[in-house]
> 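Here it is, the structure, as structure tokens.
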Amino acid sequence: MSGKIFADAVIVGSGVAGGLIANELARNGFRVAVLEAGSRLNREEVVENFRVAARTDLMAPYPSAKHAPQPELGSRDSYFTQSGPVKYESQYIRAVGGTTWHWAAAAWRFLPNDFRIRSLYQVGRDWPIDYVFMEPFYCRAEKELGVSGDDLTELGSFRSKPYPMKPIPLSYMDRCFQSELKHEGYHVVPEPVARNSEVYDGRPPCCGNNNCMPICPIGAQYSGDVHISKAEKAGARLIENAVAYFIELNSSGAVSSIHFKMPDGSRHIAQGKIFVIAANGIETPKLLLISRSASVPNGVANSSDQVGRNLMDHPSTAMTFVMPYPVYPGRGPQEISSIVNFRDGDFRKAYGAKKFHFSNSVNTLAITQSLLESGVSGKLLDEQIYDAAIRTCLISSFHEQLPHPDNRVTLSSTKSDRLGIPHPNIHYFLDEYVINSMKQTTQHYEKIAKILGAVVRSNNQQVSLSNHIMGTTLMGDDSKNSVVDRYCQTHDHFNLFIAGSSVFASSACVNPTLTLAALSLAISDTIQDRLGRT
Amino acid sequence: MKRRNFIKVSIRTGVVLVGISIVKYFYLFSRSARLTLIEFLTVSQVLTGKNDLNQTVGKKIYELFSLDPQFQTCLESIYREIRSSGKATSREHYDAKLKIISAWYTGIVLSQGEWVRVTYFDALMYRALKRTINPPTVCGGQIGYWALPPDRKNL
């Protein structure tokens, strides 16, 4: 590979955000280069990786590249160094297509009120844009990703267009829950999902492999590699295993190039007119912070000192319960329904919004191990595995978290990767806004179990995170306390954009992917307009 | 308590039954100093109550367990118990018996501090689901099949 690459737009990261922007620009005739730290993945190989792995976590089928390490649950050699009271254990995949290789495909729109929680509830921050601005981009994003949803179910976010596909049918389990819980006011709805309910965009409909996380074996579920493939067909150039490590500025403060290294340590440069960092909520601030120079001693785009701060996720708690009758979880996709009563309300002045969702999966391994440890064997073992599998269920939740400057990504002072790039250091904690919401969630779980006549197996407040990394380069009109403006353009550098959920000014309590996809389409419009004028 | 449960449950559920083929085997072959794969499979059949265990999977489990020098001693003892009584329900070597059953049911083995997968599809825990719930990654049917409970006639 030659040492220099030239393009109209250089994009760092090939996940949903980078892929959508690359495709939009390339199909409109612009020269696009995409730098991806990881390599291409082959779906069949990932499925096989899953089947041969002894580990069952989401990252098990995605081995970390030595030149581009990634966070892994339970790893002895953690990628993140941690300096806060709560261990931040979200994960992401550094590979072509990004982390949508494993996700629930939940494609929620934010509520109009999610964009103005400061104005309405005197907490957190308002976005500089509102739902009216976002709505057409949500429509476009739903079309690009291929979203199945129920037009007859009111979800609180007004729509100007129907969903591209009819809804994914609720499972028998979901229907049981919906029927029993509605009398007590719990609103169980089918989730809008980027999963095919019919042949769409050349991909097949879901056939219930029940393995959306960590890998949909047939590609019925959208993953970011879809748009990278489209972008390449439209002429974009993807450079895999290209680890960006420095953003160079010219004398006028504009970005002139991105420096990257290949696995062999060789150094290369990508030059362009416009640059987009779309490397997720941790790798994006990491790159900005690494790129210190005499003119920007705190890193690129960081005159506000907000780069890396305001890290948000969706802290989650869960309850396992055993139904009094078989509901047969584990048939169909892994997540189909949600309870949406608590997404908004005056309570947000005091504690966070939340969404509950039922897991349509069976942890056969945990059930079996538990029975074996109890001394069950023989025919009874088979019977009890079956009985537990068809009646044991899980409900979990996403809790809204407010942006807090002390929740932040910095550069590790103790660890760096084999290319010499520092690992991220995370300082993370949960405030009362989240904790009080979780306490109330525990009470709701108990009530739900009671309504269902279920026996609670576990309902503790053990917190897990949701891989929804938000806020670390957040959006605002004021350049003194935000990193990007309403167009996702950095305040400090007119030709540098940031795409992804790191720009979110609030977390809401729903999966961020559709919102970041919509923002990415808005960014691509802005860039096209800009490039068209240059 | 666990051991008592194990024995009680084993007796109650008939894990003790040994297939005719296994009994024949006892009479046809003499004991060797080190138990062979086929003898390990015999032990596995008695412990799991399944007479159609996959030999390839058995070989993987056997080889991984054999890395532990104590394993052969335990296996020989369990084998002797089966040979003398036709069952394996004593308290002796409870942990080893549990390890063997666990390997067959879960498809994973803890070997030298690392978990190793020996099989995915042949893990007996999936067989226990009676095809009501397919193992993850296996297509379950046409879109929406999950909206109805499984047909009980097929169970």
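All values below were derived from every heavy atom in this structure, side-chain atoms included, with hydrogens, water molecules and symmetry-related copies excluded. Order of the sequence lines fixes the chain letters, A, B, ..., with proteins taken first and strands second; residue numbering starts at 1 for each chain. Just so you know, these numbers come straight off a predicted model, no measurement behind them.
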> Could you give the distance from OG1 (Thr56(A)) to CH2 (Trp115(B)), rounded to the nearest 0.5 Å?
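The CH2 atom of Trp115(B) is 11.0 Å from OG1 of Thr56(A), to the nearest 0.5 Å.
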> Distance check, rounded to the nearest 0.5 Å: Lys130(B) atom NZ versus Ile385(A) atom CD1?
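Output value for this atom pair is 11.5 Å.
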> Between chain B and each of Asn210(A), Ile336(A), Val52(A), Ile218(A), count heavy-atom pairs under 4.5 Å; write down the option with the most.
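Ranked by heavy-atom pairs under 4.5 Å with chain B, first place is Val52(A).
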> Report, in residue-number order, which members of residues 137-146 of chain B are under 4.5 Å from chain A by heavy-atom distance.
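Counting heavy atoms that sit under 4.5 Å from chain A, the residues of residues 137-146 of chain B involved are Thr137(B), Val138(B), Cys139(B), Gly140(B), Gly141(B), Ile143(B), Gly144(B), Tyr145(B), Trp146(B).
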> Taking all heavy atoms of Lys50(B) and all of Asp382(A), pick out the closest pair and write down the distance.
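Answer, listing the atom of Lys50(B) first, then Asp382(A): NZ-OD2, 2.7 Å.
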> Roughly how far apart are Arg175(A) CZ and Leu148(B) CG, rounded to 0.5 Å?
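Arg175(A) CZ to Leu148(B) CG: 6.0 Å, rounded to 0.5 Å.
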> Checking Ile108(B) against chain A: side chain, backbone, both or neither under 4.5 Å from a heavy atom?
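The side chain, not the backbone.
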> Who wins among Pro169(A), Ser197(A), Cys176(A) for the most heavy-atom pairs under 4.5 Å with chain B?
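Option with the top pair count is Pro169(A).
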> In terms of heavy-atom proximity below 4.5 Å to chain B, should Ala53(A) be classed as side chain, backbone, both, or neither?
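Backbone only.
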> Which distance, rounded to the nearest 0.5 Å, do you find between the CG of Leu98(B) and the CD of Glu373(A)?
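Atom-to-atom, Leu98(B):CG and Glu373(A):CD are 7.5 Å apart.
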> How long is the straight-line distance from CG of Asn360(A) back to CD1 of Ile133(B), given to the nearest 0.5 Å?
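One finds 9.0 Å between CD1 of Ile133(B) and CG of Asn360(A).
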> Which bit of Thr368(A) comes within less than 4.5 Å of chain B, counting heavy atoms only: side chain, backbone, both or neither?
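Answer is side chain: those atoms of Thr368(A) sit under 4.5 Å from chain B.
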> If you count the non-hydrogen atoms of other residues, nucleotides and ligands that lie under 6.0 Å from CD in Gln55(B), is the total more than 12?
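Atom CD in Gln55(B) is not packed in, count stays at 12 or less.
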> Non-hydrogen atoms of chain B under 4.5 Å away: do they reach the side chain of Pro204(A), the backbone, both or neither?
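For Pro204(A), neither part sits under 4.5 Å from chain B.
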> Tell me which of these, Thr364(A), Ile390(A), Val362(A), has more heavy-atom pairs under 4.5 Å with chain B than the rest.
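Going by pairs under 4.5 Å, I would pick Thr364(A).
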> Examine whether an atom of Leu371(A) lies under 4.5 Å from a heavy atom of chain B, and if so say whether it belongs to the side chain, the backbone or both; otherwise answer neither.
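Neither part.
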> Where does Leu170(A) contact chain B at under 4.5 Å (heavy atoms): side chain, backbone, both or neither?
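Interface part for Leu170(A): backbone (N, CA, C, O).
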> Around Arg117(B), counting heavy atoms of other residues, nucleotides and ligands shown, do more than 12 lie under 6.0 Å from its CZ?
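More than 12 within 6.0 Å, yes.
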> Of the listed residues (Asn211(A), Asp174(A), Asn209(A)), which shares the most heavy-atom pairs with chain B below a 4.5 Å separation?
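Winner by heavy-atom pair count: Asn209(A).
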> Between Pro217(A) and chain B, which part of the residue has a heavy atom less than 4.5 Å away: side chain, backbone, both or neither?
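Pro217(A) touches chain B through side-chain heavy atoms alone.
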> What residues of residues 188-196 of chain A sit under 4.5 Å from chain B when you count only heavy atoms?
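Contacts with chain B: Asn196(A).
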> On a heavy-atom basis, which atom in Leu129(B) and which in Tyr386(A) lie closest, and how many Å separate them?
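That closest heavy-atom pairing would be O-CE1, 3.6 Å.
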> Tell me which of these, Cys216(A), Pro333(A), Gly330(A), has more heavy-atom pairs under 4.5 Å with chain B than the rest.
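Sorted descending by pairs with chain B, the first entry is Pro333(A).
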> Hey, is the main chain of Tyr120(B) close enough, under 3.5 Å, to the side chain of Arg51(A) for a donor-acceptor pair?
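Between the backbone of Tyr120(B) and the side chain of Arg51(A) there is no qualifying donor-acceptor contact (under 3.5 Å).
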